[in-house]
Structures are given as C-alpha cells and as structure tokens.
Amino acid sequence: MASREFSLIDNYFKGKGHQRKDVVLGIGDDCALLSVNDNTLLAVTTDTLVSGVHFLADMDPRAIGHKAVAVNLSDLAAMGADQAWLSLALTLPDANDKWLAEFAGAVIEVCDYYGVTLVGGDTTRGPLSVTITAQGKIPAGKQLTRSGAKPGDWLYVTGSLGDAGLGLALLQGREEASSDHREYLINRHCYPTPRLLAGQALRGVASSAIDISDGLASDLGHILKASHCGANLFLDKLPLSQALLGTVSLEAAWHYALGAGDDYELLFTVPEAQKGALDTALAHCGVKHSCVGQLRGGEGISYLNHGQTVDLNVCGYEHNWS
Ligand code: ADP
Ligand code: MG
C-alpha cells in the first residue's frame with residue numbers, strides 16, 4: 001500500500017476509538033495480533049482484490065481464486081503465523097456457474113493445500129470484488145513484526161523478485177518474452193506462493209519481516225520506518241530469475257525487482273548471530289533465500305552495485321486517489 005493510503009488510514013482510523021488491552025498489535029503491520037490467552041496470539045488480516053485494479057477484468061477465475069487466498073496467507077506468513085481459517089466476501093456482477101465453479105475450485109484447492117478451513121463470508125451483487133479475511137495462530141512472543149530490525153542486521157528475501165511484475169507487463173502487452181519464459185512469468189503473477197513454512201521457520205531467528213506486495217523498495221521502506229533504520233541494498237545480490245534476465249535488460253530487471261509488486265516473497269532481517277540458524281531453518285523447509293543488504297543507522301535506502309553507489313529512482317505501486 002502506498003503513502004497516500006497510509007496517511008488516510010492514520011488520519012481516520014489508526015488509534016481512534018476505544019483501545020482494548022488484548023490488542024497486542026493493531027493497525028500498521030501485516031496482521032493484527034490479538035491475545036487469546038497467555039500462550040497464544042490470533043493473527044488476523046484482510047485483503048481485497050478489485051476487478052480492474054488488482055487483477056485484469058478477464059483474468060482466469062482460477063487465478064483470481066488462488067491469488068485472493070494466497071495474498072492473505074502471505075500476510076500470515078509475514079508474521080510467522082500458523083494458518084487456520086478464512087472468510088470470503090464475494091461481490092459478483094451476476095451468477096455465472098462456470099466462473100463460480102472455477103473460482104471456488106481454486107479457493108478450496110489452496111485451502112486444502114495449506115490445511116485452512118473456509119468458515120464464513122458474505123455474497124453480494126455488484127462490480128466484481130473479492131475480500132478475504134485470514135486468521136492464524138502464533139505462540140505469544142514469537143511473532144515477527146516490521147519494527148524489530150536493528151542497524152547491522154542482514155536483509156534477506158525468499159525466492160526471486162520481479163517475475164510477477166514482468167508477468168503482468170506481458171499480460172498487458174507492455175513487454176514480450178519467449179513462450180517458456182512467458183508461461184513461467186505469467187504463472188508467477190497469477191499464482192503467487194505464500195511462504196508460510198518459511199515464515200514459521202523464521203520465528204526466533206528473524207528480527208523483523210514483511211511480505212513483498214508493493215515491491216521490495218516500498219515494503220523495505222515499511223520495515224525501515226517501523227524500525228527507525230536505513231539500509232544498504234546490494235543490487236548485484238538481488239535474486240533474479242533466468243526468465244526475467246532472459247527477457248529484459250539488467251537495469252529493467254532491477255526496476256521490476258524493486259518497484260513492481262505482487263511477488264509475495266518474504267523480506268526479513270536477521271542479526272549477525274542468527275545467520276547460521278537461518279540457513280539451517282530455511283534449508284529444512286526447502287525455500288531459497290538470498291542476502292540482499294544490510295541495515296544501518298539513518299534512514300532511507302542506498303543502492304549499491306558491486307560496492308559502487310547507484311542512483312536509482314524506484315516507485316512502488318500506488319493507487320490513484322486524485
Ligand atoms: P498489507 O499490504 O500487508 O496487506 P496494507 O498495506 O494493506 O497491509 O495495510 C497497512 C495496515 O493498515 C494494515 O495493518 C491494515 O490492517 C491497516 N488498514 C488498511 N485499511 C484499513 C482500514 N480501512 N481500516 C483500518 N485499518 C486498515
Ligand atoms: Mg503484507
């Protein structure tokens with residue numbers, strides 16, 4: 001989410017009204033954390049996908065169903081939560097059986113894969129939009145938040161970056177790729193993988209975490225702001241897929257990796273003393289991870305390529321409010 005939207009939330013919603021004592025973490029992170037008992041936190045997140053804004057109007061209904069669930073589970077992953085329940089609020093322009101069968105099939109398939117149960121929702125008529133609330137559990141004190149990073153901590157990402165942004169550009173006809181790269185990149189856009197096992201493995205290892213929904217630069221900005229740090233980002237260490245590098249120039253690939261959203265990889269920080277534990281924890285769940293930078297004092301992001309400063313102007317995804 002972009003800066004204009006954050007000031008809107010801060011102005012009208014954040015910290016307003018009665019504040020219950022069992023709210024461990026309210027507005028401002030990937031999930032809210034609610035104290036259920038002394039041992040367990042409930043993690044809760046809601047994300048909406050609107051036709052024409054978050055997905056192309058003619059997108060495959062299976063991809064819409066998959067993506068709607070995956071982006072919510074990704075927010076649970078970013079807190080280190082164990083996924084448990086979903087609610088689905090669906091607004092439909094009409095009741096099209098084929099569309100619904102494919103959409104619902106994908107929703108249920110992702111739920112089955114991750115052991116999540118759909119427990120409720122709402123169905124209304126109107127312009128197509130999908131809102132999901134996901135809930136999960138975390139042992140109290142083990143949550144990953146955006147605010148725990150310290151200068152000196154190392155910055156990591158899972159998977160590879162920029163593929164989903166290029167996949168969208170291919171769907172929109174803004175770029176062209178060979179047919180095998182095209183299929184991979186479009187799949188990365190339509191069928192993101194929530195990094196749940198990785199998020200859970202990072203409990204007690206990472207000092208902060210967020211999922212990359214708006215681009216690395218924008219989402220790193222949230223960690224830096226919440227943790228009162230700056231960061232050096234190593235462009236030569238960015239994990240870029242063969243498909244991305246085989247389709248666009250290196251500089252364009254950096255921009256897709258840093259500025260285009262929808263990757264749903266995890267971005268997290270690890271203190272020097274935990275680096276060994278990190279490699280062991282993520283090797284157990286088979287998730288690739290790359291060290292892409294280091295936190296420092298001050299603020300903002302400095303971009304370095306093989307140690308040389310690079311002047312980059314990266315823009316994350318921003319809704320148009322004007
Ligand atoms: P994410 O990208 O991880 O889903 P967002 O950037 O969408 O998170 O939202 C940032 C924070 O603002 C989250 O804590 C979210 O719950 C909160 N938020 C967003 N919209 C509203 C709203 N209308 N009312 C209250 N809280 C909101
Ligand atoms: Mg998030």
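Whatever order the structure lists ligands and atoms in, that order sets their numbers, starting from 1. Note that the structure is a prediction, hence the values are computed from the model and not measured. Heavy atoms only: backbone and side chains are in, while hydrogens, waters and symmetry mates are out. Heads up: numbering here begins at 1 and tracks the sequence.
Annotation: Asp97, atom CG; neighbour count of heavy atoms from other residues, nucleotides and ligands within 6.0 Å does not exceed 12.
Residue-ligand proximity, Ile9 to ligand 1, at heavy-atom distances under 4.0 Å covers atoms 12 (O), 18 (N), 19 (C), 20 (N). Each of the following atoms of ligand 1 lies closer than 4.0 Å to a heavy atom of Asp75: 1 (P), 3 (O), 4 (O).
Salt bridge absent: Lys142 and Asp82 never bring a charged side-chain N and a carboxylate O closer than 4.0 Å.
Defined by atom type and a distance below 3.5 Å, a donor-acceptor pair is present between the side-chain atoms of His289 and Asp279. For the residue pair Ser241 and Arg188, no side-chain donor N or O sits within less than 3.5 Å of a side-chain acceptor on the partner.
Between Thr46 and ligand 1, a contact under 3.5 Å exists for no N or O pair. On a distance-only criterion, Asp47 and ligand 1 share at least one N/O pair closer than 3.5 Å. The N/O atoms of Gly28, backbone and side chain alike, include one that comes under 3.5 Å of an N/O atom in ligand 1.
Contact annotation for Met79 and ligand 1: no heavy atom of the residue comes within less than 4.0 Å of the ligand.
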Subject >> Chi angles and distances behind the side chain to side chain contact (heavy atoms under 4.5 Å, CB included) call for Lys67, Phe55 >> reply: CA-CA 9 Å; Lys67 194 163 183 170; Phe55 57 88; 5.7 Å; no
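In the hydrophobic clustering, Val287 connects to no other residue, as no ILVMFWY side-chain heavy atoms lie under 4.5 Å from its own.
Test Ile223, Leu202, Leu144 against Ser208 for side chain to side chain contact (heavy atoms under 4.5 Å, CB included) and you get one pass: Ile223.
Counting only protein atoms, the N, O or S atoms lying less than 2.8 Å from the Mg ion (ligand 2) are Asp30 OD1, Asp75 OD1, Asp211 OD1, ordered by chain and residue number.
Of all the heavy atoms in Tyr191 and Ala63, the pair that sits closest is OH-N, 3.6 Å.
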